[in-house]
Number of protein chains: 2
Amino acid sequence: MTVTIKDVAKKAGVSPSTVSRVLSNHPRISLETSRKVKAIMEDMGYTPNMMAKSLVSKTTNSICFSLPKPAEELFSNLFFMELIRGIVTQASRSGYDVLISSGANEKEELEAVSRLLKGRRVDGVILLYSRTDDAVIDFLESNDYPFVLVGRSDRYENILSVDNDNVMAAYDATNHLISMGHERIGFVSGPPNLIVSRDRLAGYRKALLNSGLEMRDEWIVEGEFLQDSGYRAMSFFMNLPNRPTALVAVDDMVSFGILRGLNELKYKVPDDLAIVSFNNIPLSELSSPPISSIDIGIYHLGYTASQVLIQNIKSPNHDVGYTNRFVIPHRLIVRESSMYSHAKNKTE
Amino acid sequence: MTVTIKDVAKKAGVSPSTVSRVLSNHPRISLETSRKVKAIMEDMGYTPNMMAKSLVSKTTNSICFSLPKPAEELFSNLFFMELIRGIVTQASRSGYDVLISSGANEKEELEAVSRLLKGRRVDGVILLYSRTDDAVIDFLESNDYPFVLVGRSDRYENILSVDNDNVMAAYDATNHLISMGHERIGFVSGPPNLIVSRDRLAGYRKALLNSGLEMRDEWIVEGEFLQDSGYRAMSFFMNLPNRPTALVAVDDMVSFGILRGLNELKYKVPDDLAIVSFNNIPLSELSSPPISSIDIGIYHLGYTASQVLIQNIKSPNHDVGYTNRFVIPHRLIVRESSMYSHAKNKTE
DNA sequence: CTGTGTAAAGCAAACGGTTCCATAAGGAGG
DNA sequence: CCTCCTTATGGAACCGTTTGCTTTACACAG
């Protein structure tokens, strides 16, 4: 049925080893033989059997992206997809295939990853970091499997990771508002156990401190990465006696909630309240007004994660410590939600 | 290093074949041996090498989802991700892994798919149908590889496919507007070469015909699955002397454009113009007003595609002709954009 | 003419399983 | 007590590649 290396060999009148060597451009193959064999391979439509290859080389040329619990949220979907696109694109350029695995919970995720790695189906794993303690990381680390974390962990020191500088990002976002003349700036945070929430909060604080602006606890509220959190935060802030004139929100979805609330109460953005948030999801420019947002380069995050992982697979010796953490640059996209109202029609 | 079947065999004092049989629950293995071997496998942390397994069984227990050209559009991202989730979930339940492949163009896609299939890296492929002529399908069909199409093709008759009944969906959407009392209903279509555009247009026509309502060519405009198309369509419609009171839009993104335009011109939805569209993306309920939409069950589409493909892989004889096309039910989600205005606060 | 070096190609083992065929042990039937 | 089954297990070939070690065939120096 399928044409194997032996069929080619027979037809070419050489041994299988010769064909194999032609395939891998072995130096000690005469040009003549090489050409002849190649022609015959082409002719017979030979494609190498990856399984057989993998069996002997103990390498699969594929990596696994472990999709966390199916978060039903809009943002997750957009985020994951961008990430996957980055990963797949890079991997494909490096000649690797990408396997998507997912588990309903940590236990399942561990089982899946373990099966894939121990069963030699993939060479390494890209993990999306969400938890603070992680059985999967423990497993990977203790078995010395190549992996890279998208995100940051404070518990694990010497592992490969790709992340944004969220402190700096929040610092930039806040400074932008400050530069627009705002002096009372609030912050809508995410779940406090997420490192990303903590980092962004820290950056916000740093910016205020740096500019000598007032910092009040009541100007910081915690929530989820969801619309509703924004909605609630908004109504809390707007009822404050000395309310903020601008808000930094930890995620664009939160901004949508804020926007909806302000809209209902007939407040104007950015005149009554300016807004900047994070992640720059495609919707950010579609809302009215469009929301200023920090683009964290999700695609790039995935692309780099794949690159780092594959390079680590190829030469595992490279973990020199100081290159373990790769930081993807962010950039602020200024839109109407944080512009001076009289500048509305001028920019963009 | 890794523990193989031979290591287990040696430790258990049996032959490798016996261990293999234990693994596959061969009937002619004594309970005693089975228990002993299983204990030892557990003990030594044995995991079967999938590559070796695949080599002899000529089967990989994995399928490929071929991601079309990276369409940068928002909807594509949401759609793909939902689809992937459906596919991965089902595949995982059936014990299959999912490999994501992508090519920048048709040629690359064909190469990738061909390499994966001929190289015996996957057992089958899920294709997302977009083109009308398809070298990939031709390749799969002529080589008799298992595959399933998400979408519909009019060129290929006897291939497995999973799709919605888009004619019926449009029929339902239009009838909904009719039942709300509208008599002049317009249609914003997608690219005419896409089957989905054609099907939905047909359903719209059918509904009008069925109700004996007027049908005008000027009430039908073509565009893309993009906001801008909606925006333009809107301004065209609103300038018509005898303009429609309701619109069926081929995609939610189009509705957003319509909404934006109406908003700018201070028109009210649904009072001045009612809207229903398709796909029910997560944003549909976030816009103001929320948009009525036909949910096409994307996750379900992916889930079923995987199911159908895997079942076809396992028993290829099953293609009986009349079960080749699987239709995923849609359902209309009525939201504010198509309700009577005085009912605004009553429902939902 | 023999010895040695080198380039090109072949042989066979190995990778980690599965499975057909053979074999040994025990029990039943004659 | 000897056959003949049955049942549980072992042996060995094979899946399609890769690769270390040989072998072959020259060419050239001594």
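A, B, ... follow the sequence lines: proteins, then strands. Residue 1 opens every chain.
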Is A:Ser54 touching bases, backbone alone, or none of the nucleic acid, heavy atoms closer than 4.0 Å?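 Result for A:Ser54 = nothing.
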Sugar-phosphate only, base, or nothing, as touched by A:Gly119 at under 4.0 Å among non-hydrogen atoms: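 Answer is nothing: A:Gly119 stays at 4.0 Å or more from every strand.
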Distance, rounded to the nearest Å, where [X] contributes [atom1] and [N] contributes [atom2]:
{"X": "B:Lys10", "N": "D:dT9", "atom1": "NZ", "atom2": "P", "result": "20 Å"}
{"X": "A:Arg28", "N": "C:dA9", "atom1": "CZ", "atom2": "C1'", "result": "11 Å"}
{"X": "A:His26", "N": "D:dC21", "atom1": "NE2", "atom2": "C1'", "result": "12 Å"}
{"X": "B:Ile29", "N": "D:dT6", "atom1": "CD1", "atom2": "C1'", "result": "15 Å"}

If you look at every heavy atom in A:Ile195 and A:Arg152, which pair is closest and at what distance?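 Scanning both residues completely, I find the closest heavy atoms to be CD1-O, 3.2 Å.
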Nearest heavy-atom pair of B:Phe139 and B:Leu117: which atoms, and what distance?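 Heavy atoms only, the tightest pair is CE2-CD2, 4.5 Å.
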Answer with yes or no whether the side chains of A:Ser306 and A:Tyr96 bring together a donor and an acceptor at under 3.5 Å.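 Side-chain D/A pair, A:Tyr96 to A:Ser306: absent.
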Donor-acceptor side-chain pairing of A:Thr18 and A:Ser15 below 3.5 angstrom: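 Looking only at side-chain atoms, A:Ser15 and A:Thr18 do form a donor-acceptor pair, the distance falling under 3.5 Å.
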Supply the atom-to-atom distance A:Phe326 CZ to A:Thr304 OG1, rounded to the nearest 0.5 angstrom.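 The OG1 atom of A:Thr304 is 8.5 Å from CZ of A:Phe326, to the nearest 0.5 Å.
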Polar-atom pairs under 3.5 Å, protein N or O versus N or O of nucleotides 14-20 of chain D: list them with distances, or write none.
unit_1, atom_1, unit_2, atom_2, d
D:dC15, O3', B:Lys58, NZ, 3.2
D:dG16, OP1, B:Lys58, NZ, 3.0
D:dT17, OP1, A:Tyr46, OH, 3.0
D:dT17, OP1, A:Asn49, N, 3.0
D:dT17, OP2, A:Ile5, N, 2.6
D:dT17, O5', A:Tyr46, OH, 3.2
D:dT18, OP2, A:Ser20, OG, 2.4
D:dG20, O6, A:Arg21, NH1, 3.4
D:dG20, O6, A:Arg21, NH2, 3.3

Between B:Glu111 and B:Lys107 (salt bridge meaning N to carboxylate O under 4.0 Å), is one present in this structure?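 B:Lys107 and B:Glu111: salt-bridged.
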